[in-house]
Amino acid sequence: MIIKNAKFYLGGRVVSKDILIENGKFKGFGKFKGEGIDAKGLFALPGLIDPHVHLRDPGLTSKEDFRSGTRAALAGGFTTILDMPNTKPPTTTAATLRKKAEIAKKKAVCDYGLHFGATKNNFAEVKKAKPKSMKLCMGETTGKLLVDDVYSTWRHFEKFPKEKPLLLHAEDEETLRAMEKLKKGRGEVAEKIAVEKARMLAAQANRVVYFAHTTTFEAVHLAKIWGRSLVEATPHHLFLSKEKDGKRLKQFANVYPPLRSEAERRELWGALYFVDSVGSDHAPHTPQDKEAGAAGLPGLETSLALFLNAYNEGRVELPWIINRMAESPAKIFGLKTKGRIGKGYDGDLTLVDLKEKWNVSADGFESKCGWTPYEGFRLKGRVKKVILKGKLVVDGSRVVKEIKGKRVL
Ligand code: DOR
Ligand code: ZN
């Protein structure tokens, strides 16, 4: 396949060249003869990687499944996603990981990885399953994954292979329970205490930890005091706030960790440089489940577009987007053939129109959940075409083809 006249970063410079993909890999950049896909006017990003996605399969497939979720990923510009373990049953044993892998193999239409889940006592299962990454929830959230005692946390920190990413949902359970009793809501102090606890234990265990969805400037800085902390930011904590959007969305705004104040949201932008990756934390729930109090927001189909819009407003640079949404997740999760436009890498591309203005609407979105917290937002910058291992799978902003995804983690 040849992609003609695309603009893209190559070796740190913006170039306008044809891109040749052969046998699913980038083969060369230059001028090539023959038919191809015209990418004139589009900017090519490496196929994006979302390290934090809840696909709900198995067990909660009325909210999402591997097919609908990976179609949503493609529509949003992601060619690789990493799935979270809080499914039904949770991915906390070798058998449940194997089962999930079988389901994903049948249904996934983009590349994918599967995070394993830590429990207070699944040490033998971790050893047996040999997962490439693991998630540990320090505070209660959707599903039953909870490791809220220092003893089990510390043991996981020490036992889980040090070269593999250990992801943390950092909200301190004891603090959350106290805040509930004191009727203080689910404030950011629970996050800061969890971050402090985790980075100190990580230092003791001499291991890297990955803080999922950090929500405040201070939490990012506390995490980074331990030089081997990795920090993820989510679009909703950067683009939505409690005052503005909480009022508008009512119980649909419910998410853990919660949306913060407008002042904190603004401050978080000041920590952008210290953020290692963007995770959408795509956590789809049906409108009925949301009415009943479910926490979590869908995000796969809006994440990139929100950052492209921010780029157009002069708030973030394209190299930052490319790094935090492709290069850096590839590096953190050891996806050696992903995250770059370069010879020998997987031929995955996200072609965007940086200038197109569009109105966000869940009508026509691929996610099964059928709603978005960004309904009605007018954004500048849109995914137009996606190429997965040399195949055009999104065209005109729509999924046009399904090819089998491969497991990368
Ligand atoms: O709000 C949330 N929803 N936070 C999480 O950590 C999990 C997620 C979900 O799975 O619904
Ligand atoms: Zn999550």
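All heavy atoms count here, side chains included; hydrogens, waters and symmetry mates do not. Note that the structure is a prediction, hence the values are computed from the model and not measured. Residue numbers run from 1 in the order of the sequence given. Note that ligands are numbered from 1 as they come in the structure, with each ligand's atoms numbered from 1 the same way.
Among the atoms of His169, no N, O or S atom is found under 2.8 Å from the Zn ion (ligand 2). In summary, His213 places no N/O/S atom under 2.8 Å from the Zn ion (ligand 2), failing the contact criterion.
Distances from the Zn ion (ligand 2) to the N/O/S atoms of Asp281 are shortest for OD1. Its N, O or S atom nearest to the Zn ion (ligand 2) is what matters here, and for His52 that atom is NE2.
Nearest non-hydrogen protein atom to atom 11 (O) of ligand 1 is Arg56 NH2, 2.7 Å. Of the protein's non-hydrogen atoms, Thr141 OG1, 3.1 Å is the one closest to atom 7 (C) of ligand 1. Protein heavy atom at the shortest distance from atom 9 (C) of ligand 1 is Thr142 OG1, 3.2 Å. For atom 1 (O) of ligand 1, the nearest protein heavy atom (residue, atom name, distance) is Tyr256 N, 2.7 Å. Of the protein's heavy atoms, Ala295 O, 2.9 Å lies nearest to atom 3 (N) of ligand 1.
Aromatic ring centres of His52 and His213 lie closer together than 6.0 Å. Between His156 and Phe123, a ring centre-to-centre spacing shorter than 6.0 Å is recorded.
At a 4.0 Å heavy-atom cut-off, ligand 1 does not touch Glu171 at all. In Met84, neither the side chain nor the backbone holds a heavy atom less than 4.0 Å from any atom of ligand 1. With a 4.0 Å heavy-atom cut-off, ligand 1 is reached by the backbone of Val255 and by its side chain too. Of the heavy atoms in Leu297, none comes closer than 4.0 Å to ligand 1.
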Would Phe307 and Phe239 count as a ring-ring contact (aromatic ring centres under 6.0 Å, His included) if you check the C-alpha gap in whole Å, the side-chain angles of each, and the deciding distance to 0.1 Å? CA-CA 9 Å; Phe307 284 104; Phe239 293 98; 5.2 Å; yes
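Electrostatic pairing of Lys384 and Asp353 does not count as a salt bridge here, judged by no charged N lying under 4.0 Å from a carboxylate O.
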